[in-house]
Colleague: 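The structure follows.
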Amino acid sequence: MNVVLAIAQFVVNEILSQPAYLIGIITAVGLIALRKPAGQVAGSAIKATLGFLLIGAGAGLVVESLKPLGTMIQGALGAHGVIPTNEAIVAIAQDEYGAQVTWLMILGFGISLVLARFTPLRYVFLTGHHMLFMATLLTMVLAVAGLSTPVVVVAGGILLGIVMVSLPALAQSWTRRVTGGDEVAIGHFGTAGYIAAGATGQLVGKRSRSTEEMDLPEGLRFLRDSMVATALSMVLLYLVLALAYLARAGQDTAFKAFETGATNVGNYLMKAVGQGLAFGIAVAVILFGVRTILAELVPAFQGIAEKVVPGAIPALDAPIVFPYAQNAVLLGFISSFVGGLVSLGLLSWIFNPLFGWALVLPGLVPHFFTGGAAGVYGNATGGRRGAVCGAFVNGCLITFLPAILLKVLGPFGEENTTFGDADFGWFGTAIGTAAKLGGWGAVVASLAIGLVILLIAIVVQTKVVATGWDPGAARDRALGITRSEAVTEAVARTNAMEFPKIPVPSGAPTPPPPLD
């Protein structure tokens, strides 16, 4: 049994939870199913793996470049509280529940493939680290309620499989608005924030132009380059916060914000400039990684679709939407962070005194990735106003939801961290509340919640997504843009990324015609 467990843990920890390897394997399987030559299979699998490693490298650069900024913000504001960090809380839980998480994740991934094969929800969730995060959360909330290990694994595996196929479906109409087609879906547990951002864009941005349509004077045309605009914006933000932190904390403390310290004020400010430029490089690396992975993975999914899951759509990590509206990513990041600050103020002023909710500090990493993606979704339905307001709503969600989630984590609620993204908050709270019933009542209530989510997703897929509903149609009409023109614009951005179209597999339903 120990050998079997060791093998299972190896598969989960070293392969399934490593999205780069998982994507490479999936790409190879798809091309093998298409009977491609061995050389092409190996080359494409390696390129797909490298693409995800590029995304990971860019994400690591983002984290490193944001560390000093987070120190400056907390120092300038004098705020203290819980900082949501998925990796941190998962690491803490692994010490106690590592084996349960392993079996739950394997079972959940298998169930998700079965559901993708035999329901209308043809989504294959490929964001390995988020599978691990959700598997850990489900293990925690079910185990701390006193359920036995077999029950935790089986019930949690079913719930994990359900959310892995359901949430991409719930967001697919909004994702299609971003990408112009059904080649990819969003496979990231910040989905509630993205849907909220898209809905907010619908409400506030009926006549707002896209963030990508910048009408600039000749002398400012260089800002059309998103990498330049991102780097310059972050440099300015860094300098403002560096000066504010210096004024509040003094030189001795402020200089320590950087890992290697600073020797004088000039050196301190130039280090801030360097970190802002490094952020621009990090975003560029992420975008290049996205282009690389899509160029290899999407064609390979034709093989998956024909042999395993007819009509399969890969559900991928949040940065997959970044190239479609690169200016919206920066606007979304900043707006989401502002939403986090406003929500922190409300927690401190109202909800902490009345309900004992923890103070959740805005972590820059979740606000960048989920806020950036929310900005893209908000822009797709509501232009610039949609990007700003939609990402602001996302920032509020990823502040309030973690505060509520802490109430159902038992002893883990006393840790100085928790899960950060929106879906962990609402889904974990719902399952954790049901689990408090104890015994079979907890199991029945938890599975009932999962069944309701699955049924809603099937209805949305068949009645909304499959019929071609477009959440941005009203904005297009207000701006005098036909749906075909909007799709053409998205396709142009897609082609600029060297993103090949996936052929429709034999036997798959014909997609509905574009809506004018």
Side-chain angles (χ1 to χ4, degrees), residues 70 73-74 77 79-86 88-89 130 133-134 137-138 140-141 163 167 170-171 188-201 203-204 318 332-375 377-378 386-410 412-436 449 453:
I73 291 172
Q74 292 184 41
L77 297 177
H80 300 280
V82 174
I83 302 177
T85 308
N86 296 328
I89 190 66
H130 263 236
F133 297 161
M134 184 61 83
L137 171 61
L138 289 170
M140 291 167 63
V141 296
V163 296
L167 297 189
L170 296 177
H188 186 271
F189 290 127
T191 306
Y194 311 144
I195 295 174
T200 301
L203 292 175
V204 304
F333 166 42
I334 295 172
S335 300
S336 180
F337 182 74
V338 172
L341 289 176
V342 172
S343 300
L344 173 61
L346 292 174
L347 284 171
S348 177
W349 180 37
I350 299 175
F351 295 97
N352 179 268
L354 288 180
F355 306 110
W357 290 3
L359 301 182
V360 176
L361 301 182
L364 289 177
V365 173
H367 280 287
F368 171 69
F369 287 104
T370 68
Y377 278 82
V388 171
C389 296
F392 181 91
V393 170
N394 175 79
C396 295
L397 286 177
I398 65 172
T399 304
F400 283 113
L401 289 175
I404 299 171
L405 176 62
L406 285 169
K407 293 291 187 178
V408 300
L409 292 184
F412 294 100
E414 303 300 321
E415 302 290 345
N416 197 35
T417 187
T418 186
F419 294 89
D421 302 329
D423 297 333
F424 297 121
W426 71 263
F427 189 62
T429 300
I431 300 302
T433 302
K436 288 186 176 181
I449 292 171
I453 293 171

Colleague: What I'd like to find out is whether the side chain of I334 reaches to under 4.5 Å of the side chain of H367, using heavy atoms alone.
Modeller: no
Colleague: Kindly compute the distance separating OG1 (T200) from CZ (F392), expressed to the nearest 0.5 Å.
Modeller: 10.5 Å
Colleague: With side-chain contact (heavy atoms from CB on, under 4.5 Å) as the test, would you mind laying out the steps for T429 and L401 before giving the verdict?
Modeller: CA-CA 8 Å; T429 300; L401 289 175; 5.9 Å; no
Colleague: Can you tell me if T191 and D423 form a side-chain donor-acceptor pair at under 3.5 Å?
Modeller: yes
Colleague: Spell out, as yes or no, whether a donor-acceptor pair under 3.5 Å connects the side chain of N394 to the backbone of A196.
Modeller: no
Colleague: Would you check if L405 and L137 make a side-chain contact, meaning some heavy-atom pair closer than 4.5 Å?
Modeller: yes
Colleague: Nearest heavy-atom pair of A403 and A358: which atoms, and what distance?
Modeller: CB-O, 3.7 Å
Colleague: Taking the inter-plane angle between the rings of H188 and Y194 on a 0 to 90° scale, is it parallel (under 30°), tilted (30 to 60°) or perpendicular (over 60°)?
Modeller: tilted
Colleague: If you round to the nearest 0.5 Å, how far is CG of L341 from CG of L361?
Modeller: 9.5 Å
Colleague: Are the side chains of I398 and S336 in touch, meaning some heavy atoms are under 4.5 Å apart?
Modeller: yes
Colleague: Going by the rule ring-ring contact (aromatic ring centres under 6.0 Å, His included), which residues pair with F368 if we only count those two or more places apart in sequence or in a different chain?
Modeller: F279, F322, F333
Colleague: Verify, without hydrogens or angle tests, whether N352 (side chain) and L347 (backbone) share a donor-acceptor contact under 3.5 angstrom.
Modeller: no
Colleague: Which distance, rounded to the nearest 0.5 Å, do you find between the CG of L203 and the SG of C389?
Modeller: 9.5 Å
Colleague: Does some side-chain heavy atom of L344 sit less than 4.5 Å from a side-chain heavy atom of V360?
Modeller: no
Colleague: With rounding to the nearest 0.5 angstrom, report the CG to CD1 distance, L406 to I89.
Modeller: 8.0 Å
Colleague: If I compare all heavy atoms of S343 with all of G395, which pair ends up nearest, and what's the gap?
Modeller: OG-O, 4.4 Å
Colleague: Report yes if the side chains of I453 and F427 come closer than 4.5 Å at any heavy-atom pair, otherwise no.
Modeller: yes
Colleague: How far apart are the closest heavy atoms of I449 and A434, and which atoms are they?
Modeller: CD1-CB, 3.9 Å
Colleague: For F424, give me all partners under ring-ring contact (aromatic ring centres under 6.0 Å, His included), at least two apart in sequence or on another chain.
Modeller: H130, F189, F419
Colleague: Mind checking what makes ring-ring contact (aromatic ring centres under 6.0 Å, His included) contact with F400, not counting sequence neighbours?
Modeller: F351
Colleague: Testing the basics here: between G375 and A391, what is the closest heavy-atom pair and its distance to 0.1 Å?
Modeller: N-CB, 4.1 Å
Colleague: Check whether any side-chain heavy atom of P366 sits under 4.5 Å from a side-chain heavy atom of D421, and report yes or no.
Modeller: yes
